[in-house]
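Below is one structure, written out as structure tokens, with a few remarks after it.
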2 protein chains.
Amino acid sequence: MKITDLIACFIREALEKMDGVAELSRSEMAKQFHCSPSQINYVIATRFSPERGYLVESRRGGGGYIRLMQVSNDCDAMATHVLGSIGNSIDPLSVRAIVANLEATGVLTMEQARMIETAISEAALRPSDSNERDALRASIFKHMLLQIICLPKEGKTE
Amino acid sequence: MKITDLIACFIREALEKMDGVAELSRSEMAKQFHCSPSQINYVIATRFSPERGYLVESRRGGGGYIRLMQVSNDCDAMATHVLGSIGNSIDPLSVRAIVANLEATGVLTMEQARMIETAISEAALRPSDSNERDALRASIFKHMLLQIICLPKEGKTE
DNA sequence: ATCAAAAAGGTCAAAGAAGGTCAAACTATA
DNA sequence: TATAGTTTGACCTTCTTTGACCTTTTTGAT
């Protein structure tokens with residue numbers, strides 16, 4: 001079995017045990033699995049990406065960590081589906097349609113919808129290169145949706 | 001848990017207990033936490049900066065002290081001020097500090113704070129060119145803040 | 001009153017401890 | 001054999017910890 005899969009397995013187990021939120025040490029894991037630290041990043045990037053329903057947060061420096069959060073199961077398959085269906089580029093019109101739909105079906109509150117639209121509006125993204133904007137929009141959109149879906153997770157020591 | 005966070009915690013508790021004003025002894029704390037005195041300065045500089053809404057005063061010599069004060073700010077004036085103070089480029093750390101402060105002072109709800117942070121996180125902005133990100137961040141940040149402030153907020157007048 | 005020692009606190013830079021990124025080399029598989 | 005998926009390593013950025021050295025205030029001896 002590939003080491004990548006072993007690591008992925010380990011992470012999944014940790015997530016399971018910790019009820020959807022796991023705080024891991026990259027260097028520890030690397031030591032444990034006798035692999036290079038960056039392989040942990042590889043596993044996370046390929047198996048625990050936002051598209052697959054995970055949020056990742058990390059801190060460097062002494063006492064650093066990588067925190068993975070799994071989208072809670074009770075959250076609509078719908079949003080997850082939408083998430084999967086957003087490619088890595090999306091135009092303003094599609095965004096509006098999707099957001100309106102999500103709002104109509106109660107996945108998003110009015111405020112959330114507004115904030116998302118504001119964040120990825122042409123105006124807000126203006127400093128960016130014009131042909132980059134759609135990609136940016138897709139990325140921000142996905143991250144925000146995910147964050148909202150994950151919301152009922154208390155936490156944050158800050 | 002990091003010692004830095006322990007110290008920050010201690011200070012926050014002191015502030016809470018003393019109703020927003022705490023007078024501490026650097027050397028005492030250093031002894032208590034088994035750390036170098038300058039680490040206390042580090043914690044104060046990184047966690048209790050004026051940006052985050054704290055005032056710091058100190059005296060040297062015999063009977064010296066460090067006095068921290070939590071300052072409360074008027075919501076809208078503050079948001080407006082913050083808005084003005086954001087140039088057309090801002091780094092992630094400053095964002096975090098500002099948002100945390102706005103949240104602490106009740107200008108932003110927790111959800112709003114989270115959404116903003118998500119929208120302009122490094123991860124979300126990743127598709128963009130690295131030296132463009134700060135500018136983008138500033139733009140999105142301002143747009144979102146503005147949207148929130150301009151929102152007809154019924155019943156939040158206090 | 002004067003001055004030196006002691007008692008605080010301040011500053012800054014270097015070292016250490018994480019995590020991040022990227023591309024090149026390798027491997028498995030269609 | 002192309003192609004996609006893994007593995008590795010060199011180099012980067014961020015956050016924390018420590019220590020050497022500096023400044024200000026108080027205190028006590030003369």
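Here is the naming used below: chain letters follow the sequence lines, and residue numbers restart at 1 for every chain.
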Task: Between C1' of D:dT16 and OH of B:Tyr42, the distance in whole Å - done: 5 Å
Open item on the list: Mind checking if A:Ile40 touches a base, just sugar-phosphate, or nothing, with heavy atoms under 4.0 Å?
Closed with: nothing
Task: Range on DNA chain C touched by chain B - first to last nucleotide, heavy-atom distance under 4.0 Å - done: C:dA7 to C:dT21
Task: D:dT8 OP1/OP2 closer than 4.0 Å to side-chain N/O of A:Gln39 - done: yes
TODO: Look at the side-chain heavy atoms of Ile, Leu, Val, Met, Phe, Trp and Tyr, link any pair under 4.5 Å apart, and say whether A:Val56 and A:Leu24 land in one connected group.
DONE: yes
TODO: Take atom NZ of A:Lys2 and atom C1' of D:dG5, then tell me their distance rounded to the nearest Å.
DONE: 7 Å
Open item on the list: Less than 4.0 angstrom from a charged side-chain N to a carboxylate O is my criterion; do A:Glu16 and A:Arg12 meet it?
Closed with: no
- [ ] Compare every heavy atom of B:Glu132 with every heavy atom of A:Pro127, then report the nearest pair and how far apart it is.
- [x] O-OE2, 3.1 Å
TODO: List the steps and the verdict of salt bridge (Lys or Arg N to Asp or Glu O under 4.0 Å) for B:Lys31 and B:Glu28.
DONE: CA-CA 5 Å; B:Lys31 226 177 288 172; B:Glu28 272 312 308; 3.7 Å; yes
Task: Whole angstrom value for the distance that separates P of D:dT14 from CZ of B:Arg47 - done: 16 Å
Open item on the list: Over all strands shown, is B:Gly61 touching base, sugar-phosphate only, or nothing at heavy-atom distances under 4.0 angstrom?
Closed with: base
TODO: Would you classify A:Ser36 as touching base, sugar-phosphate or nothing, given that sugar-phosphate means primed atoms plus P, OP1 and OP2, and contacts are heavy atoms under 4.0 Å?
DONE: base
Task: Polar contact flag, side-chain donor to acceptor under 3.5 angstrom, B:Glu111-A:Gln112 - done: yes
Open item on the list: Can you say whether a donor on the side chain of A:Ser38 sits under 3.5 Å from an acceptor on the base of D:dG9, or the other way round?
Closed with: yes
- [ ] Identify whether the distance between the nearest side-chain nitrogen and carboxylate oxygen of A:Arg133 and A:Asp91 falls below 4.0 Å.
- [x] no
Open item on the list: Just the rounded figure in Å: distance from P of D:dT17 to CG of B:Leu6.
Closed with: 9 Å
Task: Spacing between A:Phe33 atom CZ and D:dT8 atom P, to the nearest angstrom - done: 13 Å
Task: B:Arg59 side chain near D:dT26 phosphate (N/O to OP1/OP2, under 4.0 Å) - done: yes
Open item on the list: Rounded to whole Å, please give me the gap between OH in B:Tyr65 and C1' in D:dT26.
Closed with: 14 Å
- [ ] Whole angstrom is fine here: how far is it from CD1 in A:Ile44 over to P in D:dT7?
- [x] 15 Å
Open item on the list: Output the rounded distance in Å from CG (A:Asn41) to P (D:dT13).
Closed with: 16 Å
Task: hydrophobic_cluster_shared for A:Leu125 and A:Ile98, side chain cutoff 4.5 Å - done: yes
TODO: Report the residue (B:Arg126 or B:Ile66) whose heavy-atom-nearest nucleotide on DNA chain C is the more 5′ of the two.
DONE: B:Ile66
Open item on the list: Assuming nearest nucleotide by heavy-atom distance, tell me which of A:His34 and B:His34 is located more 5' along DNA chain D.
Closed with: A:His34
